[in-house]
Amino acid sequence: MLDRDQMRRNTPIFPMSSAMKLTGLTARQIRYYESLSLVTPERTPGNHRIFSMNDLDLLLTIQDYMEKGFTMKRIGEILNEPKRIDTPEVLKHNDYRKPLLNRGDLSRFFQ
DNA sequence: TTTCTAACA
DNA sequence: TGTTAGCA
């Protein structure tokens with residue numbers, strides 16, 4: 001239902017400067033998270049990253065985990081392990097933001 | 001001017 | 001993580 005919204009949310013439009021302002025993270029951090037495959041923003045022909053709203057939301061989720069004391073390593077495992085396929089194609093077939101189980105409470109099991 | 005990668009303090 | 005160098 002309303003596939004248009006999901007498409008919009010997965011449409012890459014924000015440059016690094018916007019991602020930084022919207023998430024409060026530094027470019028260094030964002031690039032580092034990408035190197036760990038926590039986020040996979042699109043690229044322009046000039047190799048510049050372009051983030052979608054979903055990318056930013058994911059960045060915010062990562063931030064949330066960090067505040068709960070998670071290690072980047074563990075955050076990576078949590079976000080990837082359960083075969084979390086976040087490609088635009090797959091997301092289109094899943095409800096946007098469908099809570100992947102219990103987010104914040106996972107800290108009690110892993111922390 | 002902004003972002004990118006790589007690498008060092 | 002911060003920061004900087006050298007490109008595109």
Side-chain angles (χ1 to χ4, degrees):
Chain A
M1 200 176 274
L2 283 181
D3 229 35
R4 293 173 64 194
D5 280 355
Q6 290 177 46
M7 278 212 313
R8 280 200 253 275
R9 289 185 160 81
N10 278 311
T11 301
I13 47 184
F14 306 105
M16 182 56 93
S17 56
S18 296
M20 291 172 72
K21 289 186 177 181
L22 269 34
T23 67
L25 294 167
T26 65
R28 179 77 168 78
Q29 290 176 296
I30 296 174
R31 292 180 188 124
Y32 176 55
Y33 302 158
E34 182 185 9
S35 74
L36 299 179
S37 301
L38 301 187
V39 274
T40 55
E42 226 55 34
R43 293 282 183 149
T44 65
N47 197 44
H48 283 188
R49 271 166 271 248
I50 34 180
F51 306 80
S52 69
M53 293 184 89
N54 281 331
D55 290 326
L56 300 182
D57 187 59
L58 199 44
L59 247 18
L60 258 10
T61 298
I62 294 169
Q63 226 183 191
D64 185 57
Y65 278 131
M66 286 190 81
E67 289 170 17
K68 292 179 182 302
F70 281 83
T71 270
M72 287 318 301
K73 175 180 176 297
R74 262 179 277 185
I75 294 176
E77 298 174 347
I78 294 172
L79 265 40
N80 293 305
E81 255 186 43
K83 298 208 170 186
R84 287 208 50 211
I85 310 172
D86 280 310
T87 63
E89 302 81 76
V90 176
L91 273 178
K92 279 181 62 178
H93 300 299
N94 289 305
D95 287 315
Y96 169 66
R97 278 200 159 188
K98 181 175 53 183
L100 5 165
L101 303 180
N102 31 8
R103 309 232 285 204
D105 294 308
L106 283 173
S107 59
R108 293 166 191 162
F109 300 118
F110 299 84
Q111 218 170 68

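Numbers restart at 1 for each chain; the letters A, B, ... are given by sequence-line order, proteins then strands. Keep in mind that the numbers below use all heavy atoms, side chains included, and drop hydrogens, waters and symmetry copies. Remember, predicted model here, so these are calculated numbers, not experimental data.
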Student: When you measure from the side chain of A:Thr44 to the backbone of A:Gly46, do you find a donor-acceptor pair of N or O atoms at a distance under 3.5 Å?
Tutor: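 Judged by distance alone, yes, a pair lies under 3.5 Å.
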Student: With sequence neighbours left out, what residues match A:Thr11 under side chain to side chain contact (heavy atoms under 4.5 Å, CB included)?
Tutor: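 With sequence neighbours excluded, A:Thr11 shows a side chain to side chain contact (heavy atoms under 4.5 Å, CB included) to A:Ile13, given in chain and number order.
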Student: Touch check for A:Thr44, heavy atoms < 4.0 angstrom, all strands: base, sugar-phosphate only, or nothing?
Tutor: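 Result for A:Thr44 = nothing.
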Student: Under a 3.5 Å cut-off on both pairing distances, which runs of 3 or more consecutive Watson-Crick or G-U pairs involve DNA chain C?
Tutor: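 Ordered by first number, the stems with DNA chain C (at least 3 consecutive pairs each) read B:4-8 with C:2-6.
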Student: Let me have a per-nucleotide readout for nucleotides 2-9 of chain B, 5' to 3', with B, S or -, counting only protein heavy atoms under 4.0 Å.
Tutor: BBSB-B--
Student: Is there a path from A:Phe51 to A:Met53 through hydrophobic residues (I, L, V, M, F, W, Y) whose side chains come within less than 4.5 Å of each other?
Tutor: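 Yes; tracing contacts between hydrophobic side chains, which count when under 4.5 Å, links both residues.
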Student: Under the side-chain hydrogen bond (donor to acceptor under 3.5 Å, both in side chains) criterion, do A:Thr61 and A:Asp64 qualify, and how do the steps go?
Tutor: CA-CA 5 Å; A:Thr61 298; A:Asp64 185 57; over 6 Å; no
Student: About how many Å separate OH of A:Tyr33 and CD1 of A:Ile62, when rounded to the nearest 0.5 Å?
Tutor: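 A:Ile62 CD1 to A:Tyr33 OH: 7.0 Å, rounded to 0.5 Å.
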Student: With sequence neighbours excluded, tell me which residues meet side-chain hydrogen bond (donor to acceptor under 3.5 Å, both in side chains) with A:Ser37.
Tutor: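 Here no residue qualifies.
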Student: Identify all side-chain donor-acceptor contacts of residues 15-24 of chain A below 3.5 Å with residues at least two apart in sequence or on another chain.
Tutor:
from    : atom 1 : to      : atom 2 : distance (Å)
A:Thr23 : OG1    : A:Ala19 : O      : 2.7
A:Thr23 : OG1    : A:Leu25 : N      : 3.2

Student: Taking any atom closer than 4.0 angstrom to a non-hydrogen atom of chain A, what span of DNA chain C does the protein reach, first nucleotide to last?
Tutor: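 So the contact region on DNA chain C extends C:dT1 to C:dT3.
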Student: Which one of A:His48, A:Arg49, A:Arg31 satisfies the side chain to side chain contact (heavy atoms under 4.5 Å, CB included) criterion with A:Pro41?
Tutor: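 Exactly one candidate clears the test, A:Arg49.
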Student: Between A:Thr40 and A:Leu58, is there a side-chain heavy-atom distance shorter than 4.5 Å?
Tutor: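 With C-beta onward as the side chain, the pair stays apart.
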Student: Between A:Thr71 (side chain) and A:Arg74 (backbone), is there a donor-acceptor pair under 3.5 Å?
Tutor: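 Answer holds: no.
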